[in-house]
Number of protein chains: 2
Amino acid sequence: MSKLPLWKNIANALTEEIKSAQIPIGAKLPTEAELSQRFGVNRHTVRQALSFLCSEGVTWSKRGSGVFVSDKPTNYKLGDRTRFSQNIKDAGRTPSRKTLILQSRLCTEKEAAALNINTGNRVLHYEGISFADLTPIGLFSSVFCLSKFPNLEDAIKEHNSVTIALSKCGVTDYKRHSTAVKAVLSDAVQSNHLRIKLGDPLLRTESVNTDLNGNPIEFGIAHFSGPIVTLNYT
Amino acid sequence: MSKLPLWKNIANALTEEIKSAQIPIGAKLPTEAELSQRFGVNRHTVRQALSFLCSEGVTWSKRGSGVFVSDKPTNYKLGDRTRFSQNIKDAGRTPSRKTLILQSRLCTEKEAAALNINTGNRVLHYEGISFADLTPIGLFSSVFCLSKFPNLEDAIKEHNSVTIALSKCGVTDYKRHSTAVKAVLSDAVQSNHLRIKLGDPLLRTESVNTDLNGNPIEFGIAHFSGPIVTLNYT
DNA sequence: ACCTATTTGTCCGTATGTATT
DNA sequence: TAATACATACGGACAAATAGG
C-alpha cells in the first residue's frame with residue numbers, strides 16, 4: 001500500500017503520536033533501540049526518521065540522554081506594559097519562575113547609568129528562569145535600586161512576583177521605557193538552563209522599566225529561547 | 001585540530017567552493033563516489049554532508065542524475081522593511097539597497113492571509129540586501145498586492161525606494177501594524193549575503209504595514225545580522 | 001569523585017532498489 | 001538495454017555525552 005520509504009512511515013507514525021499528545025511536549029521518545037524493535041527495522045532506519053523529525057523542529061536530541069518533543073512556539077508580547085505573567089497567561093499557559101540569585105550587591109557602571117544612580121549604590125540583583133507550564137522559555141537578570149526599595153528582597157521572596165513586590169513597595173504601576181533586542185548564540189550555561197542545544201540562537205533583550213514619573217526602577221537583561229519564543233511588537 | 005565531525009568538514013569545504021563559485025549555481029557536484037574518493041571517506045559520510053547541504057537549501061538532489069547547486073537565491077525566509085533607512089541615517093551612516101528580486105508572481109497562502117487578499121491574486125515580490133555604508137546589515141523580502149498598485153514595480157525601479165514608490169501610487173503614508181521577532185541561525189545563503197559565518201544568529205522579523213485606514217499593503221520578512229544589529233523599541 | 005550502563009553520534013561496509021542518462 | 005547515480009536498508013564498531021549507582 002505505502003509507496004513511502006520505511007523511515008518516512010516511521011516518521012509519520014511518530015508525528016501522529018506527538019500531535020495527539022500520546023507523547024506530550026517535553027517527553028522523551030522511546031530509545032532508538034526500542035523503536036527499531038517496535039517497528040522491526042534497523043536502528044539506522046529509525047535514526048533517519050528521527051533525524052527528519054529533528055530537522056522539522058518537531059523534536060530535539062541530546063546525546064547520551066534521548067530524543068525529546070519540542071515545545072510549540074511561544075508568543076511573547078512586547079509593549080510598554082510588558083508583564084511576564086500576563087503574557088504567558090494570555091497564551092493560555094501557566095507562568096512560573098525559578099530563582100537562581102536574589103541578593104544585594106554594588107551596582108556596575110552600566111547599571112548605574114541605566115538606573116540613573118551613582119556607582120557606589122547598592123542594588124538588588126534578581127536572576128532566574130522563566131517557565132511557561134513546565135518549559136523554560138527564558139533567563140532573566142534584573143537589578144533594582146536598593147535605596148529606593150529597601151524591602152524589595154523580602155517582598156519578592158514572599159510573593160514570587162516582581163509586579164506584586166513592587167506594589168508592596170509603593171510602585172502601583174510601571175512602564176517599559178525601552179527595549180533593545182539582538183540575536184546571540186547560547187553558551188553552555190544558558191543552553192543547559194533552557195534545555196536547548198549549545199549554540200542555538202537566543203533573543204537578548206535589554207530593557208528599562210520606569211515608574212509613571214519616568215524614573216527608572218528596573219534594568220533587566222533577558223535571554224529568550226530562540227527556537228520557541230517570538231517577541232511581538234504591535 | 002578540528003574537533004568537527006568528518007561530514008561537517010566536508011560540508012564546510014563544499015559550502016566554500018559553492019560560495020566562491022568554484023561550483024557555480026546550477027552546476028552539478030561531483031558524484032558521491034568521486035567525493036568519497038577525494039576526501040578519503042566512506043560514501044555514507046559524504047551523503048551525510050550532502051544531506052545537510054540539501055536541508056540547508058544550498059543544494060538539491062535528483063535521483064539518478066546528481067546533486068546540484070540551488071539556483072533559488074533565497075527560497076524562503078528573507079525579508080525586510082523600510083523606515084530602516086531613517087534609522088541608519090540617524091546613526092550617522094548611509095543606507096543603500098541592492099535588489100535581488102523584483103517581479104510579480106502568485107501569492108502564497110500566508111501572504112494572502114497577511115495582505116487580506118485571495119490566494120489567486122498576484123503580488124509584487126521585492127527582495128534584496130540592506131546596507132549601512134558598505135556593510136550588509138539585513139536581507140528583506142516584501143510582497144505588495146499588485147491589483148492595488150499596478151505600477152509599483154516601475155516606481156520602485158525608478159526611485160529605488162519603497163516609500164517614494166508607494167507615494168507615487170497614492171499611498172502618502174503608512175505605518176507598521178505588527179512586528180514579530182525571533183532568533184534563528186543563518187543558513188549558507190544568508191551568511192554569504194551578510195558576510196557572516198554560517199550558523200551566526202539572525203534576528204528574523206515578520207511585519208505587516210498598513211495604510212492609515214488599516215488596510216494591509218505590505219507583508220515583509222527581514223533577517224538582520226545578529227552580531228551587529230540591535231532593534232530598538234522605545 | 002568514580003565507575004558503569006545507557007543512549008545518541010559518527011563512520012565504515014555491503015546489498016539492493018529506482019530513476020536517469 | 002546497459003551503465004550510471006542517488007535512495008533505501010541492513011549490519012557492525014567505536015566514540016562521546018549522559019544518567020544512575
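Every chain is numbered from 1, with letters handed out A, B, ... down the list of sequences. Quick note: numbers below take in every heavy atom, side chains included, and nothing from hydrogens, waters or symmetry partners.
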Would you classify A:Leu50 as touching base, sugar-phosphate or nothing, given that sugar-phosphate means primed atoms plus P, OP1 and OP2, and contacts are heavy atoms under 4.0 Å? nothing
Rounded to whole angstroms, how far apart are [atom1] on [X] and [atom2] on [N]?
X	N	atom1	atom2	answer
A:Gln48	C:dT10	CD	C1'	15 Å
B:Phe52	C:dC11	CZ	P	14 Å
B:Glu32	D:dA7	CD	C1'	8 Å
A:Leu53	C:dT8	CG	C1'	15 Å
B:Ile10	C:dC11	CD1	C1'	11 Å
B:Leu29	D:dC6	CG	C1'	13 Å
A:Phe39	D:dT8	CZ	C1'	17 Å
B:Asn9	C:dT10	CG	P	12 Å

OP1 or OP2 of D:dA5 sitting under 4.0 Å from any side-chain N/O of B:Ser61?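 The answer is no; no side-chain N or O of B:Ser61 sits under 4.0 Å from OP1 or OP2.
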Taking only side-chain nitrogens and oxygens of A:Asn42, does any of them come within less than 4.0 Å of OP1 or OP2 of D:dA9?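 Answer is no, no contact under 4.0 Å.
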B:Ser104 and B:His125 side chains, donor-acceptor separation under 3.5 Å: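 Per modelled atom types, B:His125 and B:Ser104 side chains form no pair under 3.5 Å.
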Side chain of A:Arg47, heavy atoms from C-beta onward: which of D:dA7, D:dC10, C:dG9 has the nearest atom to it?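 Closest of the options to the side chain of A:Arg47: C:dG9.
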Select one nucleotide: of C:dC11, D:dT8, C:dT8, the one nearest the side-chain heavy atoms of B:Trp7. C:dC11
Tell me whether the count of non-hydrogen atoms from other residues, nucleotides or ligands lying under 6.0 Å of [atom1] in [X] goes above 12.
X	atom1	result
A:Glu109	CD	no
B:Lys28	NZ	yes
B:Gln37	CD	no

Less than 4.0 Å between a side-chain N and a carboxylate O, is that true for A:Arg97 and A:Glu127?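 So A:Glu127 does not pair with A:Arg97 through a salt bridge.
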Decide yes or no, distance alone: a donor-acceptor N/O pair under 3.5 angstrom between the base of D:dT8 and the side-chain of A:His44. no
Assign a letter to each nucleotide of nucleotides 16-21 of chain C from its 5' end: B, base within under 4.0 Å of a protein heavy atom; S, sugar-phosphate only; -, no contact. -BBBBS
Heavy-atom pair with the smallest gap, counting every atom of B:Thr45 and B:Trp7: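 For B:Thr45 and B:Trp7, the tightest heavy-atom pair comes out as O-CB, 3.6 Å.
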Taking only residues two or more places apart in sequence, or in another chain, which ones meet B:Glu34 in a salt bridge (charged side-chain N to carboxylate O under 4.0 Å, His left out)? none
